Amino acid sequence: MTTPVGRQVRVQGMVQGVGYRPFLYALAQRHGLTGEARNTAQGVVARVFGPARDVDAFVAALRVEAPPLARVSCVQARPIPAEEHAHFRILPSDAQGAPAVAVTPDAAICDACRRELLDPQDRRYRYPLLNCTQCGPRYSILLTVPYDRPNITMRAFPMCGACRAEYEDPTDRRHHAQPTCCPACGPRVRLLGGEGEPLDGDPVRGAARLLREGRILAVKGLGGFHLACDATRPPVVARLRARKHREDKPLAVMVPDADAAAALVHLPDYGRALLTGPQAPILVAPERAASPVAEEVAPGTDTLGVMVAYTPLHVLLFEELGDVPLVMTSGNLSEEPICIRNREALERLSGVADAFLVHDRPIHLRVDDSVLLATDPGPTLLRRARGYVPAGLEAGLDADGILGFGPLLKNTLALGRGTTVFPGQHVGDLDNVRALKMFDEVRAHLAEVLGVAPTLAACDLHPDYPTTRMAAQSGLPVVRVQHHHAHLAALLAETGDYASALGIAFDGAGYGPDGTVWGGEALVFDALGYERVCHLEHVALPGGDRAAREPWRMALAYLVREGLDWTRWVAHPRADSVARLLAGPLPQVQTSSMGRLFDAVAALCGLCDENTFEAKAPMRLEAAATDAPDAYPFALDGPVVRTGGVIRGVAEDLARGAPVGAVAGRFHNTLADLVVDIARRVRAERGLARVLLSGGCFVNRRLLAATHARLREAGFRVAAHTLLPPGDGAVSVGQVVHAAARRSRERGPG
Ligand SMILES: [Zn+2]
Ligand SMILES: [Zn+2]
């Protein structure tokens, strides 16, 4: 008989509202320990008693065996005198009030709920809205804090006796599961026709039948509506595209499970865990040759975005449909925000959807699906939303009360609390009234649930952005941040190392303080400031914004700049007049944008004359590229990267009939070489050996991999984004980081 020992442990992090106390209870039972546990403002505190070996095992498991949604940041244990307890108990929460707010993201259905859903003996059998402490809606149904039943949209549904008993039982896996419900007390699913008229019969079976017949359905999900249809039938997908006014931007597909996903795309090592984990994002990965998905789903690309059924309603749909992949795209028109309310969906999506699969659990806040790109060694975020928001980024500097308004395109906003920066969900392009309204909703909601009143605004340098205007109208002091500096400052915060570094920011456009459009930039920088050490040689941006939509204009601009015969390459009816403009006396807006260089080369290669969606031309060029042994010539001429050799080389190659794939491969090699050359020069001149890669161009798998590999071979330390998107979704965080650094400097030490 061993002498019992005692231990008091405190567990901190995201451990409230995620089933941590039932986990503690089960763990104590398993190790035969007695004692007690309770929620406090400082985290979960437990006192356990038993043989030393079992107590040690208990403590060791607190982090490694924590429930999936919990994020344990700290476990502290100290010995206390042994006490006599009959068993292990969960005590009521400490009266000291609300714990430090930990609002968790929405989570995909967990394994336990999936089993119940499909178990004919279970009282929640085939109930499409079941959830527990480990899964279901969170952020998207939260009205205010604390995270409690009266403060979520489920307050409209009083719990039945059975649900209440589970909710109050500390040993039950639904203990304090705020949105818990069942067929007796919870919301219901209904199937409505195109005019909103109720359709008879089982709604899920009815919906599955319509999908099999080739109809388009609006399906209410966690953070908004999807438009769904059979992804294997070309005419059906084409009809969805026509009705949604979405010409050729890739659509995502949903499949029942990870095996079905692996049958469509080549999953990376981490792919299965990611797709079936609580985040359950869309993962964009190389498509298999044998994939039955219609070409119309992602035309002109060699990749496909896949996700796995992540709500019980999706699971039930696939129980009827089997392995048929479904297109599941945001329930909106074109680029507007996703619909969330039933009536809103019926109005905005009438004429798009043939029927509506809805439920009456209200969604409070729009949250799109997150999108990640399969890169090595880990994934790259393209769109950060469901499953990730509102998790914060620990920035290591005082960002409290700083609101970053973000960029114009792919907008997110970000708010600091303490030393953590909380990026809001993807809002999208702020070029329509609905998007601006969503921006305001997210802005108000983030401040509400974080309990932070903004005291300082950070925004872009561009004088005409709506975000710049909103920042000025906020009544707060405003810090203006250059777009590419913001990109790199966000990445600096991700690395946690604030020492000066070389930053490479390659993207489409950002306002430059010299009045040109930046986008092919090498900055030596830290959180406080930057020096522009290198940039692409200027070229005219003929037609301004139109140049970004019509890549032939960029091909023309480059050819005219180099004095090459453009008539051979550009056949557009307007080419003549644009060429005259380029050669004429009127000043043209100049750009150093890498995105526009991609556009020009893609247009020369005949791959894309119109960017019907952002970055279409660069995506086409990436998809076309094959491995090439060499690269095109460029020159570092002081701070300017001379690109004439690249354009001439591409034109000569194409003129002598070189395959487009080889040209595209060489072009990618050229950019990787360029980054290494810039990095070598900066290392020689300034001793900096760390290189940070940001900007939308680095969602190009080929460019990212080649640049990364060659920099490492040359002895550099390289960092790319892992927690934020490399594109403009990171900008708001960088704005907050820069403003925080400035404020700290102004306040001085202490
Ligand atoms: Zn669950
Ligand atoms: Zn119930």
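Note: hydrogens, waters and symmetry copies are ignored here, and every other heavy atom, side chains too, is used. All values derive from a computational prediction rather than experimental measurement. Atoms within a ligand are numbered from 1 in the order they appear, just like the ligands themselves.
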Atoms of type N, O or S from the protein that sit nearer than 2.8 Å to the Zn ion (ligand 2) number exactly 4

Contacts satisfying side-chain hydrogen bond (donor to acceptor under 3.5 Å, both in side chains) that involve residues 256-269 (not counting sequence neighbours) are Asp259-Arg272, His266-Arg288

Given a cut-off of 2.8 Å, the protein N, O or S atoms lying below it from the Zn ion (ligand 1) are Cys110 SG, Cys113 SG, Cys132 SG, Cys135 SG

query: Looking at Glu344 and Arg434, does any basic side-chain N land under 4.0 Å from a carboxylate oxygen?
result: no

Which of parallel (below 30°), tilted (30 to 60°) and perpendicular (above 60°) describes Phe88 and Phe58? tilted

Salt-bridge present (Glu347, Arg343; N to O < 4.0 Å): no

Verify whether one side chain among Asp148 and Gln178 offers a donor that lies under 3.5 Å from an acceptor in the other.
yes

Residues pairing under side-chain hydrogen bond (donor to acceptor under 3.5 Å, both in side chains) where one sits in residues 375-388, two or more places apart or in two chains, turn out to be Tyr310-Arg386, Asp369-Arg386, Thr375-Thr380

Closest non-hydrogen contact found for Arg341 with Phe225 is O-CE1, 3.8 Å

Is the ring centre of His175 less than 6.0 Å from the ring centre of Tyr25?
no

When Lys220, Met154, Arg188 are each screened for side-chain contact (heavy atoms from CB on, under 4.5 Å) with Arg361, the one that passes is Met154

